[in-house]
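Note sheet for the following structure.
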Amino acid sequence: MTRPLRSVRVHDFDLEQTLDCGQVFHWRRDGAGWIGVIGEHALRVEQRGEELIVPAGMETIAAHYFALDHPLAEICASFPDDPAMAAARDFCRGMRIVRQPAWECLATFITSSMKQVAHIAQISHTLRRRYGRCVKWDGAELFAYPAPEAMARLSETELRTCALGYRAKNLLGAARMIAEGQVDLAAVAAMGDAAARVELCRLPGVGEKVANCALLFGFERVRAFPIDVWIERVLRAIYFPRKRKVTARRLRDFSAGYFGEYGGYAQQYLFHYARKTWPRGGGKKLSPKKNGG
DNA sequence: CTCCAGGTTCCGG
DNA sequence: CCGGAACATGGA
């Protein structure tokens, strides 16, 4: 039994770049399309030129999730004018920051510390399959991300069997604090960026980087600028060439000022570009070219 | 086998 | 404030 399909008109949108850029980890390729879950809705999506094919009834949900209303041309035009940013903008054309549900985004990034993207995806799938609600899509079994309340009932030992390592304690602790109401994600959503970041950092396993990922990918804070190992390489190689002793604080202050009101988008474009085009462990080999700031 | 991965936390200068 | 080290697990 196949649901009828509908077409959503898209401009400045690239589904491949959007789902393969390392912002969300559970979507799987299915022929020319992708299969995944938006909240509690399982679906297959496929892009054909300027059309996004989705199951009937999912048009609005998909359009919201994929942030088709973000003014991408304006966003890209706001990026600082330097060679690296121009290359990233060209490489990532059509990539959008999707609107992930806050908890699954936050939880996923709690499990991301010191893990490769492939591992993060693996952990996400395991957690969904074992503890998430089953949502069917045309016969395929997909799973929603387990709610904080469901996760809070597990033991650390149980969670550890999902290959989480030391992250199990953090994920469980965060789930319990949220389930018990010690941290209210709905309240976080109503706070300013700085206050929201402080609040998220009260959760175990959530430091500045994970908090910024949650803010950017789960709370629509398009200015949040997560600095991970890749972005740190980019910043050092491109904007601080041949400089010794560039502190984390220096990188943070520079990023907050240099990349502008859509800094989070700029960050994700640089992240994806560097990860796909720089040699592994890269940065050192890249020619610095010109300094943009 | 060694190295590293979308870090956080704790500890000593 | 800053640099190091521990923390688990699995690809490359």
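Protein chains get the first letters and strands the later ones, always in sequence-line order, with residue 1 at the start of each. From a predicted model like this one, the values you see are computed outputs, not experimental measurements.
- Nucleotide C/dG3 holds its P atom 10 Å from the CD atom of A/Glu232, rounded to whole Å.
- Separation of atoms OH (A/Tyr145) and CD (A/Gln100) is listed at 10.5 Å; rounding is to 0.5 Å.
- In this structure, A/Trp230 does not pack face-to-face on the six-membered ring of B/dG6, missing the 5.5 Å centre cutoff or the 30° plane limit.
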Sort me out a list of protein N/O and nucleotides 9-12 of chain C N/O pairs below 3.5 Å, or just none if empty.
residue, atom, partner, partner atom, Å
C/dT9, O2, A/Lys115, NZ, 2.8

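- Salt bridge status for A/Glu16 with A/Arg29: present, with a side-chain N to carboxylate O gap under 4.0 Å.
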Pick out the pairs of N or O atoms, protein on one side and nucleotides 9-13 of chain B on the other, that lie under 3.5 Å.
residue, atom, partner, partner atom, Å
B/dT9, OP1, A/Gly205, N, 3.3

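- Salt bridge annotation for A/Arg93-A/Asp90: present, with a cationic side-chain nitrogen under 4.0 angstrom from a carboxylate oxygen.
- Distances shown here put a side-chain N or O of A/Thr247 below 4.0 Å from the OP1 or OP2 atom of C/dC2.
- For A/Phe25 and B/dG6, the CZ to P distance is 8 Å, given to the nearest whole Å.
- We find that CZ of A/Arg202 is positioned 17 Å from P of B/dT8, with the value rounded to whole Å.
- In this structure, CZ of A/Phe271 is placed 10 Å from C1' of B/dA5, rounded to the nearest angstrom.
- With sequence neighbours excluded, no residue forms a ring-ring contact (aromatic ring centres under 6.0 Å, His included) with A/Tyr166.
- Atoms CD1 (A/Ile231) and P (B/dG7) sit 11 Å apart, rounded to a whole Å.
- Nucleotide B/dC4 holds its P atom 18 Å from the CD1 atom of A/Ile120, rounded to whole Å.
- Between A/Lys276 and A/Asp20 there is a salt bridge, since at least one side-chain N of the basic residue sits less than 4.0 Å from a carboxylate O of the acidic one.
- When rounded to the nearest whole Å, the span between CD1 of A/Ile97 and C1' of B/dG6 equals 13 Å.
- A salt bridge is defined here as a Lys NZ or Arg NE, NH1 or NH2 lying under 4.0 Å from an Asp or Glu carboxylate O, and A/Glu149 with A/Arg153 fails to meet this definition.
- Summarising the geometry, the separation between NZ on A/Lys169 and C1' on C/dA6 is reported as 14 Å, rounded to the nearest angstrom.
- Nucleotides B/dC11 and C/dA8 are separated by 16 Å at their P atoms, to the nearest Å.
- Ring geometry for A/Tyr258 versus A/Phe254: interplanar angle under 30°, hence parallel rather than tilted (30 to 60°).
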*Please lay out, stage by stage, how A/Arg130 and A/Thr161 fare under the test side chain to side chain donor-acceptor pair (under 3.5 Å).*
CA-CA 11 Å; A/Arg130 292 177 58 165; A/Thr161 64; 3.0 Å; yes
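- Atom name C1', nucleotides C/dC2 and B/dG6: the rounded distance is 23 Å, in whole Å.
- Applying the side-chain contact (heavy atoms from CB on, under 4.5 Å) test between A/Leu171 and each of A/Leu127, A/Leu154, A/Leu106 identifies A/Leu127 as the sole match.
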